[in-house]
Asker: 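Can you read through this structure? Questions will come right after.
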Amino acid sequence: MTLKFDESPPAPAARGDDGSLKELLSTRGIPRRDFLKYCSFLAGVLALPPISYAQRIANALAVSPRLPILWLNGQDCNGNIESFLRASNPTPSELILDKLSINYVELLMSPAGSAAEKSRADTIAAGGYVAVVEGAIPTSANGAYCCVGGRAFTDIVKEVAGGALATIAVGTCAFQGGLPAAKGGVTGAVGVRQLLGAGPTVIALPGCPMNVENLTATIVHYLTFGQWPDADSLGRPFFGYGEEIHETCPRLKYFESGRFVRAWGDKGHQQGWCLRYMGCQGPDTDANCPVVKFNSHTSSPTEVGAVCLACVRPRFWDVPGGFFKHRPLDD
Ligand code: SF4
């Protein structure tokens, strides 16, 4: 797999100067060093060399115009917007969130009813916005299982995505239907790409929930380079979903030396041994969880002693035998 990056000079809209950056940071009271450190981190998330790209990202953020966002919620637990609200590095990431004008988000916006609908319609009419879809989209019964303002969610997603610069499907439910699409589901739940087909640009950031740093990095990539990150055939950006969890897992050395946890809480579990026998799917799952981590870069599932459930993969809920089925150690 080859990663491709734009090496050309910044586009005019993304060109910044040190004066703009200083002004931006001083109005937010953010030390320049902290901000550049965060930009280095974002460059790392994007699999770009931090030394070459941190300043370029910082300059682009200093001058880029605010990007309007329409955030739609379908069938899900709202775990992705929870993740979004708990972005790490509060001050520098707040600055990046300042670059977003979230014109419609049902869970947070103060307007309600027709005023909320107007905000969404006005943004669509103005164009130049990004759609974010969280949750699965129910298609059975003509979409009656999820209606907003008297309209089927299917229609709203098509309308909003149809005029967007791109649509970002956050979380596994928006990716391929997630839990609502698991066996036994009756709502005909699908993900964004399944609903929209091949036409519009759809970037998928699966995960249960998604890692907010991947959302931030996707938007920063667009603001810096004027284009969306390269992605695989399912729409998942290579920077976030291009390497096996297994390859970067802190327990890899135990896998390689044949030391496996055999029961929860046993001596091997207490000592951080490999969780493959306990059902870990890290060797079959591509995601940057062990590198980017969660909770302010504190840890990741396998690091804390839980198996990887492969939540970034399609239909991960329907694992034959269940999540914790013992797995053979030679596959
Ligand atoms: Fe691989 Fe999972 Fe073992 Fe980590 S815990 S080394 S991801 S099998």
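All ligand and atom numbering here is 1-based and tracks the order in the structure. Only heavy atoms go into these numbers, but all of them, side chains included; no hydrogens, no water, no symmetry mates.
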Asker: Within 45 degrees of the axis of the six-membered ring of Phe260 and under 6.0 Å from its centre: does Arg276 put its NZ or CZ there?
Answerer: no

Asker: How about Leu215 and Val170: do any of their side-chain heavy atoms sit closer than 4.5 Å?
Answerer: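 Yes, at least one pair of side-chain atoms sits under 4.5 Å.
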
Asker: Can you find a heavy atom in the side chain of Val132 that is under 4.5 Å from one in the side chain of Leu72?
Answerer: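 Counting from C-beta outward, Val132 and Leu72 never come under 4.5 Å.
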
Asker: So, at under 2.8 Å, which protein N, O or S atoms would a careful student list around atom 1 (Fe) of ligand 1?
Answerer: His246 ND1

Asker: Is the charged tip of Arg327 near the ring of Tyr277: under 6.0 Å from the six-membered ring centre and within 45° of its axis?
Answerer: no

Asker: Side chains of Gln55 and Tyr53: is there a donor and an acceptor less than 3.5 Å apart?
Answerer: no

Asker: Do we see a donor-acceptor contact under 3.5 Å between the side chains of Asn73 and Glu134?
Answerer: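 Yes.
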
